[in-house]
Amino acid sequence: MNRLVSELAALPGIGEKSAGRLADHLIRMPKERVRSLTEAITDARENVHFCRECFTLTDSDMCPVCSDENRDHSVIMVVEDTRDMQAYEKTGRYTGVYHVLQGAMSPMLGIGPNDIRIKELLARLDANGDGISEVIIAMNSSVEGEATAMYLSKLIKPLGIKVTRIASGVPVGGYLENTDEITLLRALDGRFEL
Ligand code: ZN
């Protein structure tokens, strides 16, 4: 029981108290349902991996957006994580594709350019040559997000590719996934060239 509580408490957003409550609930659940839950966790962990093109989390080799020929593959929106991508997907108005960095640069936490998927983005731009018309930087407006956006624009602009940043309709320190759809679209429409 102690082991279960400490494993649960190690998950994000779950404190010692909630972990205790969850553990208590789990041991009262029918064995069949516990088995189905553990199977779902193992299955997700084994089968979900990074899309080979955009590095979002997906259960296929290429995610549904990258493999959709109707999307505009010349416009790439750079986001921090899969949840940010999902937030923009929910608006249903963005027709380009994405690149998911899987994090942001943070000197405080010792996260440098090599710890997130920047190399992979550059390789993608390189491989597509003139095929890319715009890179939209949609990092969160946190200190880390801003630092990453600056770093990226310095790298990408010399390649002759238009680099834009979404307008800061997204509240400072606010995370994209928590921002409502209208604000997201306003930020996208109001993007400016870096
Ligand atoms: Zn993809």
Side-chain angles (χ1 to χ4, degrees), residues 12 40-106 111-142 144-157 159-167 170 174-181 183-185 187-189 191 194:
I41 295 172
T42 314
D43 197 50
R45 185 61 190 88
E46 309 246 300
N47 295 314
V48 175
H49 47 248
F50 297 117
C51 167
R52 72 176 150 92
E53 185 82 3
C54 73
F55 295 91
T56 191
L57 293 170
T58 177
D59 53 10
S60 46
D61 185 35
M62 250 220 257
C63 76
V65 174
C66 288
S67 40
D68 186 347
E69 283 176 17
N70 294 319
R71 304 287 295 226
D72 182 356
H73 289 258
S74 75
V75 178
I76 300 178
M77 183 193 282
V78 180
V79 293
E80 235 171 273
D81 58 37
T82 296
R83 286 168 303 177
D84 292 337
M85 170 176 172
Q86 283 163 347
Y88 264 103
E89 276 306 278
K90 248 196 263 164
T91 69
R93 266 245 334 256
Y94 175 67
T95 53
V97 293
Y98 299 87
H99 187 86
V100 184
L101 290 177
Q102 296 299 343
M105 284 162 55
S106 169
I111 302 171
N114 292 326
D115 300 313
I116 55 177
R117 304 286 186 168
I118 290 180
K119 274 194 307 289
E120 289 83 351
L121 172 63
L122 295 175
R124 221 175 138 183
L125 299 177
D126 200 36
N128 278 286
D130 298 335
I132 307 291
S133 62
E134 182 179 355
V135 173
I136 304 170
I137 301 181
M139 302 297 293
N140 289 312
S141 38
S142 58
E144 292 79 13
E146 291 301 338
T148 312
M150 293 295 278
Y151 184 84
L152 285 177
S153 84
K154 274 191 197 135
L155 283 178
I156 301 169
K157 268 206 298 194
L159 305 175
I161 298 170
K162 183 175 166 192
V163 184
T164 57
R165 174 94 173 95
I166 56 164
V170 181
Y175 289 87
L176 287 185
E177 58 165 324
N178 296 326
T179 309
D180 67 86
E181 293 178 18
T183 312
L184 283 180
L185 290 173
L188 179 61
D189 289 339
R191 68 187 184 274
L194 288 175

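What you see is a predicted model, and the numbers here were worked out from it, not measured in a lab. Order of listing sets the numbers, starting from 1, for every ligand and every atom in it.
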Qualifying salt bridge (charged side-chain N to carboxylate O under 4.0 Å, His left out) pairs with a residue from residues 45-57, counting only residues at least two apart or across chains: Arg52-Asp61, Glu53-Arg124
Nearest-0.5 Å distance that lies between atom CD1 in Ile136 and atom NE2 in His99: 14.5 Å
Side chains of Val100 and Leu57 in contact at under 4.5 Å (non-hydrogen atoms): no
For Glu89, salt bridge (charged side-chain N to carboxylate O under 4.0 Å, His left out) partners two or more places apart: Arg71
Atoms of type N/O/S from protein, distance to the Zn ion (ligand 1) below 2.8 Å: 4
Flag, side chain of Asp126 to backbone of Leu122, donor-acceptor distance under 3.5 Å: no
Pairing residues for Tyr94 by the ring-ring contact (aromatic ring centres under 6.0 Å, His included) criterion, not counting sequence neighbours: Tyr98
